[in-house]
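Here's the structure we're looking at; comments come further down.
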Amino acid sequence: MRVILHIGLSKTGTSALQNVLCQNREVLKRQGVLYPDIFLKGMPLHVPNHNSFANALAGYIYYPNLSAEEYAAQFLRQYDESHANTMILSAESLFGGDPHVWDVTNPMEYWKIHEQKLHNL
C-alpha cells in the first residue's frame with residue numbers, strides 16, 4: 001500500500017485541492033487511487049478533508065465523534081474494497097489544528113503533541 005499524505009498549511013490552497021479530490025473520488029478510484037470518505041452509521045459524509053482524523057490522532061474528538069482507530073479502520077476497509085494501490089489523506093491538521101498554540105502552556109508542549117499525531121499515524 002502506498003499512502004500519500006498531503007499536509008498543507010492553512011490558506012495555501014489545500015481546501016481547493018481537497019474539494020477536487022472529494023468531487024472526483026470515483027474517477028480516482030477507477031485509476032487505483034483512493035481518497036477515503038468518512039462514514040457515520042454506514043452513511044458517507046462526503047467530507048472533503050481528513051482533519052477530524054488528524055485531530056483524533058492527538059485525542060481531540062469532534063464530529064463525527066470517531067476515534068483515530070475507527071477512522072483508520074474505515075480507511076483500510078475502503079482501501080481493501082476499492083482494490084486501489086494508493087491512498088491519499090489530506091489534512092491541514094496533521095501539521096496544525098488541535099491543539100492550537102493558545103491551548104498549550106509552552107511551545108515544547110505544542111510541538112510534542114503534533115509530533116505525537118504523526119507518530120500515531
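The chain is numbered in sequence order, starting from 1. This is a predicted model, so every value here is computed, not measured.
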(request) Indicate yes or no: does K112 engage E109 in a salt bridge with an N to O separation below 4.0 Å. (result)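 Answer for the salt bridge query: no.
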If two hydrophobic side chains count as joined below 4.5 Å and joins carry through other members, does [X] share a cluster with [Y]?
| X | Y | answer |
| --- | --- | --- |
| L89 | I4 | no |
| L5 | L34 | yes |
| V33 | F75 | no |
| I38 | V3 | yes |

Going by distance alone, is a donor N or O of one side chain under 3.5 Å from an acceptor N or O of the other, for [X] and [Y]?
| X | Y | value |
| --- | --- | --- |
| Q23 | N19 | no |
| Y63 | S52 | no |
| S82 | Q78 | no |
| N51 | Y62 | no |

(request) Could I get the full list of side-chain hydrogen bond (donor to acceptor under 3.5 Å, both in side chains) partners for Q18, not counting sequence neighbours? (result)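 Scan of Q18 (side-chain hydrogen bond (donor to acceptor under 3.5 Å, both in side chains), adjacent residues dropped) gives S90, E92.
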Within a strict 4.5 Å, meaning less than it, do heavy atoms of the [X] and [Y] side chains meet?
| X | Y | result |
| --- | --- | --- |
| T14 | N49 | no |
| P99 | Y60 | yes |
| V47 | C22 | no |
| Y71 | L57 | no |
| L21 | P48 | no |
| V27 | Q31 | yes |
| D98 | S93 | no |
| Q74 | P36 | no |

(request) Indicate yes or no for a side-chain donor-acceptor contact from Y110 to the backbone of V104 under 3.5 Å, with no hydrogens or angles considered. (result)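 No.
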(request) For Q116 and L118, run side chain to side chain contact (heavy atoms under 4.5 Å, CB included): C-alpha distance rounded to whole Å, both residues' side-chain angles, the deciding distance at 0.1 Å, then the answer. (result) CA-CA 5 Å; Q116 190 63 41; L118 295 177; over 6 Å; no
Rounded at 0.5 Å granularity, tell me how far [atom1] in [X] sits from [atom2] in [Y].
| X | Y | atom1 | atom2 | result |
| --- | --- | --- | --- | --- |
| Y79 | T86 | OH | OG1 | 6.5 Å |
| N120 | E69 | CG | CD | 8.0 Å |
| H6 | L94 | NE2 | CG | 10.5 Å |
| I88 | L17 | CD1 | CG | 8.0 Å |
| L28 | E26 | CG | CD | 9.5 Å |

Can you give me the closest heavy-atom contact between [X] and [Y], atom names plus distance?
| X | Y | result |
| --- | --- | --- |
| N24 | V20 | ND2-O, 2.7 Å |
| E70 | L66 | OE1-CA, 3.2 Å |
| G32 | A84 | O-CB, 3.3 Å |

Check the surroundings of atom [atom1] in [X]: do more than 12 heavy atoms from other residues, nucleotides or ligands lie under 6.0 Å from it?
| X | atom1 | value |
| --- | --- | --- |
| M1 | CE | yes |
| F95 | CZ | no |
| H119 | NE2 | no |

(message) If you apply the rule side chain to side chain contact (heavy atoms under 4.5 Å, CB included), what do you find for R2 with N85, and how did you get there?
(response) CA-CA 6 Å; R2 184 173 95 165; N85 54 31; over 6 Å; no
(request) Would you mind listing every ring pair (Phe, Tyr, Trp, His ring centres under 6.0 Å) that reaches into residues 20-39, with sequence neighbours excluded? (result)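 For residues 20-39, and leaving out neighbouring residues, the ring pair (Phe, Tyr, Trp, His ring centres under 6.0 Å) pairs sorted by first residue read Y35-H50.
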